[in-house]
Student: 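Input: one structure, supplied below.
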Amino acid sequence: MCGSRSTITENPPSSSHCLSMATLSFNSTRIKSPSLQSHKPFSKSHFSTKPNNVPFLFPSKTHPQLHRFKPNSISESSVSVPEEAFDDAEEDDPTSELSYLDSETDPSSVTEWELDFCSRPILDIRGKKIWELVVCDSSLSLQYTKYFPNNVINSVTLKDAMETISEDLGVPLPEKVRFFRSQMQTIITKSCKELGIKPVPSKRCLSLLLWLEERYETIYMRHPGFQKGSKPLLALDNPFPMELPENLFGEKWAFVQLPFSAIREEISSLDERFVFGAGLDLDLLGIEVDDNTLIPGLAVASSRAKPLAG
């Protein structure tokens with residue numbers, strides 16, 4: 001956590017930390033969607049969907065029903081889907097796309113999206129890698145996926161897709177879009193700025209990272225065009241350390257420890273927007289820490305505390 005008011009700076013997660021996070025399970029009490037283990041359909045009226053036939057993909061094949069998201073078929077957020085329309089014995093199609101907004105969620109409350117726009121370990125009928133846009137919010141109340149051929153990957157395509165999400169699901173465009181792939185920064189930043197959205201490079205797209213890991217196991221590996229032996233989907237950047245500019249040096253610093261209860265007080269300042277920064281959502285990850293547990297960190301005293309924290 002970084003903040004201009006606090007002298008405590010918790011070490012931010014490195015790439016390896018993010019990768020280890022992605023092996024954790026969701027805290028089911030925080031996620032507004034069916035359990036990962038459940039093979040039952042979504043409850044009525046949860047789906048807002050679009051036709052999901054993707055012409056450049058391999059012809060669909062039948063596979064055992066493994067993942068939690070049912071294929072799409074209709075395109076109105078207010079449409080009620082009869083429960084009998086889903087058969088537990090029905091087999092899912094890994095080429096299907098998803099467009100979902102939880103019926104109990106106020107659309108205006110979804111102000112931040114987590115976004116990934118990247119190639120997948122899947123080949124189309126031309127032998128070219130398929131790209132996919134995956135968008136969600138931190139609680140997975142909003143979930144959206146769409147496949148693209150590799151010859152339409154640009155900021156215009158992404159901009160149009162984000163507008164489509166807003167229109168189809170009846171949600172306003174977000175205030176912020178978080179993304180973790182630095183190699184896509186140019187396209188994502190340009191698309192966001194043209195829509196008046198603040199792009200935020202962040203390795204704390206926890207819900208997105210966890211969902212992508214699940215999709216790798218339940219969707220991509222079952223796709224008829226899946227490439228065995230592909231590079232890891234979540235291989236995050238881990239750049240070499242860079243020397244800090246002299247004007248950002250702290251006058252004094254020390255390794256310190258604080259009980260978790262004190263850390264939570266600092267995090268509350270972030271939640272109430274008294275200071276800028278971000279905290280790690282342990283509740284989302286299902287991690288419990290005792291209030292008396294000592295958390296190591298680095299305390300820095302500086303006359304330029306705010307830019308140093310930034």
Side-chain angles (χ1 to χ4, degrees), residues 1-21 111-117 137-138 155 173-209 234-285 287 289 293-310:
M1 178 188 71
C2 292
S4 58
R5 199 179 70 171
S6 170
T7 58
I8 301 299
T9 302
E10 182 184 339
N11 293 331
S14 66
S15 300
S16 58
H17 289 161
C18 284
L19 286 172
S20 63
M21 289 175 194
T111 59
E112 292 189 13
W113 294 357
E114 297 178 9
L115 181 151
D116 186 41
F117 189 39
D137 69 332
S138 61
S155 61
L173 288 170
E175 297 172 5
K176 297 179 182 178
V177 164
R178 296 184 181 275
F179 64 95
F180 63 88
R181 293 191 195 273
S182 61
Q183 64 267 37
M184 295 303 297
Q185 182 163 353
T186 301
I187 288 179
I188 295 175
T189 298
K190 184 176 181 181
S191 303
C192 287
K193 288 187 175 180
E194 289 181 0
L195 294 172
I197 301 170
K198 181 179 181 181
V200 181
S202 173
K203 291 182 179 177
R204 298 197 178 192
C205 304
L206 300 182
S207 296
L208 178 62
L209 288 167
L234 299 179
L236 305 183
D237 297 333
N238 188 21
F240 291 105
M242 298 177 64
E243 187 174 348
L244 196 67
E246 288 187 9
N247 62 334
L248 292 181
F249 282 3
E251 284 82 38
K252 295 181 181 179
W253 59 273
F255 291 107
V256 297
Q257 297 182 101
L258 280 180
F260 182 63
S261 57
I263 296 292
R264 282 196 307 168
E265 285 187 29
E266 297 293 335
I267 293 175
S268 68
S269 298
L270 296 174
D271 296 337
E272 296 167 8
R273 300 187 183 278
F274 290 143
V275 295
F276 68 89
L280 183 63
D281 193 340
L282 299 182
D283 188 31
L284 174 65
L285 294 171
I287 298 175
V289 181
T293 300
L294 293 177
I295 308 297
L298 184 66
V300 181
S302 172
S303 59
R304 297 176 54 82
K306 188 169 183 176
L308 177 58

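For reference, positions follow the sequence shown, starting with 1. Hydrogens, waters and symmetry mates play no part in the numbers below; they use all other heavy atoms, side chains included.
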Student: Salt bridge (Lys or Arg N to Asp or Glu O under 4.0 Å) with R264: which residues, sequence neighbours excluded?
Tutor: D291
Student: Any side-chain heavy-atom pair from L208 and W113 closer than 4.5 angstrom?
Tutor: no
Student: Grab the two heavy atoms, one from P199 and one from F179, that are nearest each other, plus how far apart they are.
Tutor: CB-CE2, 4.0 Å
Student: What are the two closest non-hydrogen atoms of P174 and I197, and how far apart are they?
Tutor: O-CG1, 3.4 Å
Student: Run the salt bridge (Lys or Arg N to Asp or Glu O under 4.0 Å) test against D116 and tell me which residues pass, sequence neighbours left out.
Tutor: R120, R181
Student: Got a sec, which residues hit side-chain contact (heavy atoms from CB on, under 4.5 Å) with E251, two or more places apart in sequence or on another chain?
Tutor: S302, S303
Student: Could you tell me which residues satisfy side-chain contact (heavy atoms from CB on, under 4.5 Å) with L294, sequence neighbours excluded, listed by chain and number?
Tutor: Q257, P259
Student: Just so I know, are the side chains of E112 and R178 near enough to count as touching, which here means a heavy-atom distance under 4.5 Å?
Tutor: yes
Student: Heavy atoms only: give me the nearest D137-S207 pair and the separation to one decimal.
Tutor: O-CB, 3.8 Å
Student: Rounded to the nearest 0.5 Å, what's the gap from CD1 on I188 to CZ on F117? Could you check?
Tutor: 8.5 Å
Student: Counting only N and O atoms by type, is there a donor-acceptor contact under 3.5 Å from the side chain of S191 to the main-chain atoms of S155?
Tutor: yes
Student: Give me the atom names and distance for the closest heavy-atom approach of L209 to K203.
Tutor: CD1-O, 4.0 Å
